[in-house]
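Working notes, beginning with the structure itself.
Everything quoted here is computed from the prediction, not taken from an experiment.
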Amino acid sequence: MKKGLLWMMLVAIAAFMVACSTESPVDEGNAEGGTSEGGDGDFTVGLSISTLNNPFFVTLQEGAEAKAEELGVDLITVDAQDDDAKQISDVEDLIQRGVDLILINPTDSTSVTSAIAAANAAGIPVITVDRGAEGGEVVSHIASDNVAGGEMAGELLKELVGEGAEVAELEGIPGSSAARERGEGFHNVAEGSLEVAAKQTANFNRAEGLTVMENILQSNPEITGVFAHNDEMALGALEAIDAAGRDDIVIVGFDATDDAVAAVEAGRLAGTVAQQPTLIGETAVATAFSVLSGDDVEEFIPVDLELVTNE
C-alpha cells in the first residue's frame with residue numbers, strides 16, 4: 001500500500017515538471033510574449049571617429065560613452081586615424097557586425113559618401129557628428145555652427161590687430177566641412193578688413209602647425225595675427241612664434257581644448273572658440289537612441305559656441 005502511494009506521488013511530480021517545461025517562454029517586461037523592437041540595452045551603435053590623436057575627439061568619445069552607458073546602449077568606437085580609406089573600411093566592418101545605427105565623424109566630407117551609401121544600402125541609419133557629408137542619406141547632423149565660430153574668431157582677431165593688418169590663416173584638413181565652414185566664417189569678417197597674407201593647411205595637426213608657421217614667418221615677417229582652424233594648429237603656431245621671439249603676434253584658435261584654454265589663461269593665446277565636445281558626443285548618442293526608438297529628430301542639431309578670452 002505504501003509502495004503504491006509513493007509511486008502515485010512520483011508520477012504526479014513528473015507530470016508537473018513536464019507541464020512546466022512545455023510552457024511558452026515570455027520575455028521579462030513583455031507579458032504578451034511579443035517580439036521586442038528595441039529598448040534599453042537592445043541597441044548597438046557604431047561610432048567612427050576621424051582620429052583619436054586629437055584631444056577634442058577623445059573628449060567627444062568620452063561624452064558619447066557616458067551617454068551610451070546612461071541609456072544602456074552598446075557603443076563600438078573605431079578610429080580612422082585621419083585616413084579616408086580606413087574610415088570606409090571601418091564603416092564596412094561596423095555594417096558586417098550588424099550595428100543598429102552608425103555615428104560618423106568624417107575624415108573628409110566627400111570621401112565619406114561611399115561609406116554612408118554602404119550603410120544606406122544595408123538599411124542602417126547614419127548620423128554625422130561635428131563634420132558633415134557631401135552625399136548619402138543622413139538622418140541628422142550634430143555639430144557646432146562652424147561658420148558662426150569662424151566669424152567670432154575673425155571679429156576677435158580684427159579687434160586685436162586692427163583694420164588692414166596682415167594676418168595668417170592655418171587651415172584644417174582640405175575637404176572637411178569644419179575647415180571649409182570655419183574658413184568661410186573667418187573670411188566673412190576678414191574680407192575688406194584684414195589682409196590675409198598667408199593661408200596654408202596644417203591638417204588640424206600640432207606638429208604641422210609648428211612647421212607651417214615657421215615657413216610663414218620666414219616669408220611673411222609683417223604678420224601680426226593668426227587664425228588657426230583648430231587649437232592643435234594654434235598651439236603648434238605658438239611654439240614657432242615663441243621660438244622666433246615674436247611676442248607681437250596674436251593667435252586665435254578654435255575648439256577650446258584644455259591645453260588651449262590654459263594657454264589663453266596664461267596670456268599666450270589671444271582666444272579660442274569654445275565648442276563643447278562632451279555635449280556633442282552626448283547629443284549624438286541621445287539622438288541615435290531617439291532614432292532607434294522610432295522618434296522624429298531634427299535634420300540639424302546645433303551645439304552652442306562661446307568665445308574664450310583672458311579678459
One should read off an interatomic distance between D130 CG and S177 OG, to the nearest 0.5 angstrom, of 7.0 Å
Any ring pair (Phe, Tyr, Trp, His ring centres under 6.0 Å) pairs touching residues 102-133, not counting sequence neighbours? none
Name all residues meeting the side-chain contact (heavy atoms from CB on, under 4.5 Å) criterion together with T110; count only those two or more places apart in sequence or in a different chain, and write none if there are none. D108, E134
Let me check something: any side-chain donor-acceptor pairs from residues 149-164 under 3.5 Å, sequence neighbours excluded? List them with distances.
from: E151; atom 1: OE2; to: N188; atom 2: ND2; distance (Å): 2.9

Using only heavy-atom distances, determine whether the side chains of E65 and Q61 contain a donor-acceptor pair under 3.5 Å. yes
Give the cluster check for L47 versus V99: same hydrophobic cluster or not, with ILVMFWY residues linked at side-chain heavy-atom distances below 4.5 Å. no
Restricting to side-chain contact (heavy atoms from CB on, under 4.5 Å), what partner residues turn up for A122, sequence neighbours left out? I95, I124
Under the criterion side-chain contact (heavy atoms from CB on, under 4.5 Å), I'd like the reasoning laid out for F204 against S50: C-alpha separation, chi angles, the key distance, then a yes or no. CA-CA 11 Å; F204 289 134; S50 58; over 6 Å; no
Hey, could you give me the CD/CD distance between E92 and Q87, rounded to the nearest 0.5 Å? 11.5 Å
Side-chain contact test, heavy atoms from C-beta onward, threshold under 4.5 Å: evaluate it for P55 versus E232 and give yes or no. yes
Going by chain and number, the hydrophobic cluster around V147 (ILVMFWY, side chain to side chain under 4.5 Å) further includes none
Calculate, to the nearest 0.5 Å, the distance between atoms OG1 and CG belonging to T224 and L194 respectively. 8.5 Å
Other ILVMFWY residues reachable from I88 by side-chain steps of under 4.5 Å: none
Could you walk me through whether D82 and I173 satisfy the side-chain contact (heavy atoms from CB on, under 4.5 Å) test, starting with their C-alpha distance in whole Å, then the side-chain angles of each, then the deciding distance to 0.1 Å, before giving a yes or no? CA-CA 9 Å; D82 271 336; I173 295 173; 3.6 Å; yes
Taking all non-hydrogen atoms of both residues, which atom of E282 and which atom of G63 are closest, and how far apart? CG-O, 3.3 Å
Test of understanding: with side-chain contact (heavy atoms from CB on, under 4.5 Å), list the residues that count as partners of Q200, not counting sequence neighbours. V212, I216
To check you understand the geometry: which heavy-atom pair defines the closest contact between A284 and L103, and what is its length? O-CD2, 3.7 Å
Would you check if K86 and D90 make a side-chain contact, meaning some heavy-atom pair closer than 4.5 Å? yes
Name all residues meeting the side-chain contact (heavy atoms from CB on, under 4.5 Å) criterion together with P174; count only those two or more places apart in sequence or in a different chain, and write none if there are none. T201, N203
Would you check, one step at a time, whether the test side-chain contact (heavy atoms from CB on, under 4.5 Å) holds for D83 with T107? CA-CA 7 Å; D83 185 319; T107 57; over 6 Å; no
Please indicate whether E195 has more than 12 foreign heavy atoms, meaning atoms of other residues, nucleotides or ligands, lying under 6.0 Å from its CD. yes
According to a 4.5 Å side-chain heavy-atom criterion applied to Ile, Leu, Val, Met, Phe, Trp and Tyr, with indirect links allowed, do V45 and V112 form part of one hydrophobic cluster? no
Interatomic spacing from CG in N54 to OG1 in T59 - rounded to 0.5 Å: 8.5 Å
Note: N205 and A207 closest approach over all heavy atoms is OD1-N, 2.9 Å
Donor-acceptor list for residues 248-271 side chains, cut-off 3.5 Å, not counting sequence neighbours:
from: D248; atom 1: OD1; to: R246; atom 2: NE; distance (Å): 2.8
from: D248; atom 1: OD2; to: R246; atom 2: NH2; distance (Å): 3.2
from: D255; atom 1: OD1; to: R182; atom 2: NH2; distance (Å): 3.4
from: D255; atom 1: OD1; to: Q275; atom 2: NE2; distance (Å): 2.7
from: T257; atom 1: OG1; to: A260; atom 2: N; distance (Å): 3.4
from: D259; atom 1: OD2; to: R206; atom 2: NH2; distance (Å): 3.1
from: R268; atom 1: NH2; to: D242; atom 2: OD2; distance (Å): 2.4

Are any of the side-chain heavy atoms of T51 and N105 separated by less than 4.5 Å? no
side-chain contact (heavy atoms from CB on, under 4.5 Å) partner of I104, chosen from V138, V129, L94, I116: I116
Start with the C-alpha gap between I223 and L217, add the side-chain angles, then the distance that decides, and say whether side-chain contact (heavy atoms from CB on, under 4.5 Å) holds. CA-CA 8 Å; I223 66 166; L217 288 172; 4.3 Å; yes
Compare every heavy atom of N220 with every heavy atom of A198, then report the nearest pair and how far apart it is. CB-OD1, 3.7 Å
From CD1 (I241) to CE (M213), nearest 0.5 Å: 4.5 Å
Transitively linked via ILVMFWY side-chain contacts under 4.5 Å: I127 with I49? yes
Sorted by chain and residue number, the ring pair (Phe, Tyr, Trp, His ring centres under 6.0 Å) partners of F227 (sequence neighbours excluded) come out as F186, H229
Under 3.5 Å donor-acceptor pairs involving side-chain atoms of residues 290-311, not counting sequence neighbours:
from: S290; atom 1: OG; to: A286; atom 2: O; distance (Å): 3.2
from: S293; atom 1: OG; to: F289; atom 2: O; distance (Å): 2.7
from: T309; atom 1: OG1; to: E311; atom 2: N; distance (Å): 3.4

With distance as the sole test, does S176 use its side chain to make a donor-acceptor pair with the main-chain N or O of G172 at under 3.5 Å? no
What ring pair (Phe, Tyr, Trp, His ring centres under 6.0 Å) pairs are there with at least one residue in residues 44-93, not counting sequence neighbours? none
Membership question, hydrophobic clusters at under 4.5 Å side-chain separation (ILVMFWY): are V58 and L279 in the same one? yes
Is there side-chain contact between M233 and E208, with heavy atoms separated by less than 4.5 Å? no
Quick check: closest heavy atoms across L170 and A237, and the distance to 0.1 Å? CD1-CB, 3.8 Å
Is there a path from L101 to V91 through hydrophobic residues (I, L, V, M, F, W, Y) whose side chains come within less than 4.5 Å of each other? no
How long is the gap from NE2 on H141 to OG1 on T128, to the nearest 0.5 Å? 5.0 Å
